[in-house]
Amino acid sequence: MKQDRAPRRTRQSAHTQGNITQITGDVNVQVPPVREPEVEWPIWVGTVPRLAAAFQPRAQAREAVTQARSVGGSVVLSQVLAGDGGVGKSQLAAALARELRDQERSQYSGLDLLVWANATEPDQIITAYADAADRLGLPGGAPGDVAAAAKAFLAWLPATERRWLIVLDDITDPEAVDPWWPDGSHRNGWVLATTRRSDALLSGQGRKLIRLDLYTIEEVRAYLHHRLADAGHPHLYDADQADRLAEELGRLPLALGHAAAYMINKRCGIADYLERFCDTSNKLSELMPPNADTEGYGRPVTTALLVSLNALQAADTTRLARPLLEFIALMDPLGHPSALWTAPPVRAHLCTSRPGRRRWLRSHQPAVTEQDIHAALECLRTYALIAQDTAQAPIRIHALTARAIRETIPPQALPAMARTAADAILSLWPGLDHNDRDLSATLRANTMLLDQHTFPCLWKPTPHACVYRVSSSLTAVGLYEQAVDYDQRVLQQNYETLGPDHIDTLAARGTLANSYSDAGRTQEALELDEQVLADCERLLGSDHPRALAARGNLANSYRGAGRAQEALDLQERVLADMERLLGPDHPDTLTARGSLAISFRGAGRTQEALDLRERVLADCERLLGPDHPRTLAARGSLANSYGDAGRTQEALDLQERVLADF
């Protein structure tokens, strides 16, 4: 015979006050009878962190929490605030907890029980639960048995009619925490957790993962303005510089808080702080003092950013995650191709640089495979030290995390790392930049930042080829003025590292002259080419290959300036020198012969240009083969000469063949 059951209890639907959804539900659930402890309510266990000065309410994240608490159809018992170190997860959790705690307690609002548990280690959670069980007077387990007391508390939560909130702050090991996750009732209980991790274990089973991102630019402005004003120094705020500071600090709340404290303590404005921050000789620990009171944790920014490193290294079976992270810190924080780290130069370097399990094994390291690299990158993603949307997507890292990592790299290791990364960049560079403009642009940005972060490692003992590859890439995609700007910076670095008379400095001056010419700055190109040729002949002699190249560049500049006869005379000398010094079949001699044909054409000497181009094509076919790119170009140039000579049908026939060959 069925026994009569107590009538179901029905609560009103979710209520909202201030942006916080109340811990009530709209589902009728039969609750087993439970005898509530006879204690004085409410009960608070643990210490909720105080809110930072000028705390920003994080409206978007709050809305996400509210929606997750009130979704229809599915039961959400827990929200997990996930994000990088320093984005303010604990602060937002503290704000939500305080608002619920401080509400007036009534039938439909307020809290009876709040437990704030640091969740870095499971023992901290167990201790907090045991404390709650003791405060509640729950039976279970022998005296002093904290695990049994914690289990009794977990068993009490889903049965109680009391409204409760459990906050698990800073989960570092989701698997270890999982057995201690409250199995609460959505009618009256709520679990709010924070973590850097994004493991699948943190979602599902009534849990919803909510990403907490960086400050918006509006939140940065509001924070800085209020923080400096509240400290009695509104004059330190500079609206014109606030956005730039936001970008330099990556809109990271913790970093902005420490920077504001620095400005208040030193009485320096935003512009002055930016100048000090951009000077990489100043360390983060100096620019963001640990005694800043924004979060109340008393730890420096670098510690907050890199707190996952110990856990990472303990979990990393490949022993490659930390060395890879150091490489990643040298790249563009906004993104770089993940394929860089499976390139042979990097794998060879990692084979000898990762720490050995035994000292005597370090000289007998096994080869690093692509699978090893992917496993290490997955480990870095798991611990939120890098971000990557898919395994093939670009890798991103927060700019301050990257800087903190760079400051830990031993100086003696930096030259080899810089050149290894540069070798990897070159290995990915498309042969024709316009075939993959996005990849070329990404590699250019990463080359420039690699140079900036490791200077002067890419310049000594000689400049790395990737430094000059940026210029040719900019030219190849038609960014001529950008190429000029870049070449001017490269030339200045040549002066600083190698001196004005070094052969590589002469080459850099020649490259800049070529960029002037491509950008239509003809007179600047001509004047610089004249100076370069004079210096090459003075320092290296008139027959040095660099002098021959400078002579050819000057001839091109003469031609570009409309000085056809001077161009022709100089080009004839260049060809004669090439044939004498390098031989008639050298690739540079073929180039000089083609350039002389162009000069003949520019001087109106059509037949001589045609004769020379016929010879160039014959030489290319003989030496390089009929399908070589230079042979195709020579065939196209000859077609042009046929057209100049009025041999229209021959020009047409040859150009059709050129097109078909291409």
Side-chain angles (χ1 to χ4, degrees), residues 49-58 83-92 94-95 213-307 309 329-330 333 397-409 411 449 452-455:
R50 61 186 173 86
L51 297 185
F55 172 74
Q56 296 301 300
R58 314 304 292 274
D84 298 339
V87 297
K89 302 180 295 295
S90 297
Q91 280 283 290
L92 179 56
D213 291 324
L214 305 165
Y215 272 162
T216 65
I217 194 66
E218 292 78 14
E219 287 172 330
V220 171
R221 294 169 186 160
Y223 172 79
L224 290 172
H225 184 267
H226 293 153
R227 180 71 179 95
L228 297 175
D230 291 347
H233 303 288
H235 60 284
L236 298 179
Y237 181 75
D238 184 344
D240 295 334
Q241 295 293 326
D243 288 6
R244 184 184 165 209
L245 179 62
E247 294 310 312
E248 289 290 344
L249 299 184
R251 295 184 283 118
L252 185 69
L254 180 62
L256 285 156
H258 282 269
Y262 181 98
M263 288 185 269
I264 292 167
N265 293 339
K266 301 291 185 180
R267 303 295 193 270
C268 73
I270 293 178
D272 290 337
Y273 182 84
L274 275 168
E275 184 177 352
R276 301 179 195 188
F277 182 84
C278 292
D279 181 355
T280 54
S281 64
N282 295 322
K283 301 299 183 184
L284 285 179
S285 57
E286 301 166 359
L287 296 163
M288 298 177 180
N291 60 351
D293 63 350
T294 54
E295 299 286 349
Y297 295 140
R299 64 184 183 186
V301 170
T302 50
T303 301
L305 292 170
L306 305 181
V307 71
L309 277 182
L330 302 178
I397 184 172
H398 193 279
L400 286 183
T401 301
R403 181 164 176 173
I405 288 291
R406 288 197 300 273
E407 290 181 1
T408 69
I409 299 175
L449 279 170
Q452 176 183 323
H453 293 150
T454 64
F455 185 80

| Once you round to the nearest 0.5 Å, how far does OH of Tyr237 lie from CG of Leu228? | 9.0 Å

| How far apart are the closest heavy atoms of Leu256 and Tyr223, and which atoms are they? | O-CE2, 3.8 Å

| request: Would you sort out whether Asp213 and Val87 count as a side-chain contact (heavy atoms from CB on, under 4.5 Å), showing the intermediate values? | output: CA-CA 6 Å; Asp213 291 324; Val87 297; over 6 Å; no

| Rounded to the nearest 0.5 Å, how far apart are CG of Leu236 and NZ of Lys266? | 13.5 Å

| Counting only heavy atoms not in His225, do more than 12 fall under 6.0 Å of its NE2? | no

| note | OG1 of Thr401 to CG of Leu252, rounded to nearest 0.5 Å, is 7.0 Å

| message | I need the minimum non-hydrogen distance between Ala242 and Val220, along with the two atoms involved. | response | O-CG1, 4.4 Å

| request: Verify, without hydrogens or angle tests, whether Gln241 (side chain) and Gly269 (backbone) share a donor-acceptor contact under 3.5 angstrom. | output: no

| message | Using only atom types and a distance under 3.5 Å, with no angle test, would you say the side chain of Tyr273 pairs donor to acceptor with the backbone of Leu287? | response | yes

| said: Please report the interatomic distance CG(Leu245) to CG(Leu274), rounded to the nearest 0.5 Å. | reply: 5.0 Å

| task | Using modelled atom types only, decide if a donor and an acceptor are shared between the side chain of His398 and the backbone of Asp84 within a distance under 3.5 Å. | result | no

| message | If I take atom CG from residue Leu284 and atom NE2 from residue His258, how far apart are they, to the nearest 0.5 angstrom? | response | 11.0 Å

| Using 4.0 Å as the upper bound for N to carboxylate O, is an ion pair formed by Arg58 and Glu219? | yes

| said: When you measure from the side chain of Arg227 to the backbone of Ala54, do you find a donor-acceptor pair of N or O atoms at a distance under 3.5 Å? | reply: no

| message | Checking the side chain of Lys283 only, and the main-chain atoms of Glu407 only, is there a donor and an acceptor separated by less than 3.5 Å? | response | no

| Closest heavy-atom pair and its distance - Gly86, Pro253 | O-CD, 3.3 Å

| query | Has the side chain of His453 got a donor or acceptor atom that lies under 3.5 Å from a matching backbone atom of Leu330? | reply | yes

| message | Between Arg406 and Ala329 (side chain of the first, backbone of the second, donor and acceptor by atom type, cut-off under 3.5 Å), is there such a pair? | response | yes

| request: Mark yes or no for whether Asp272, through its side chain, and Cys268, through its backbone, hold a donor-acceptor pair below 3.5 Å. | output: no

| message | Is it true that, when you exclude Glu218 itself, more than 12 heavy atoms of the residues, nucleotides or ligands shown sit nearer than 6.0 Å to its CD? | response | yes

| query | Where is the tightest heavy-atom contact between Pro49 and Ala94, given as atom of each residue plus distance? | reply | O-CB, 3.5 Å

| message | What I'd like to find out is whether the side chain of Arg244 reaches to under 4.5 Å of the side chain of Cys278, using heavy atoms alone. | response | yes

| task | Begin with the C-alpha distance, continue with both residues' side-chain angles, and end with the deciding distance and a verdict on side-chain contact (heavy atoms from CB on, under 4.5 Å) for Asp243 and Glu247. | result | CA-CA 6 Å; Asp243 288 6; Glu247 294 310 312; 5.8 Å; no

| Any idea which heavy atoms bring Arg251 and Leu214 closest together, and the distance? | O-CB, 3.3 Å

| Closest non-hydrogen atom pair between Ala259 and Leu249, with its separation | CB-CD1, 3.7 Å

| said: When you compare the side chain of Leu92 with that of Pro57, does any pair of heavy atoms fall below 4.5 Å? | reply: no

| query | So how far is it from Ile264 CD1 to His233 NE2, rounded to the nearest 0.5 Å? | reply | 6.5 Å

| request: Would you verify whether the NZ or CZ of Arg403 falls within 45 degrees of the ring axis of Phe277 while also being under 6.0 Å from that six-membered ring's centre? | output: yes

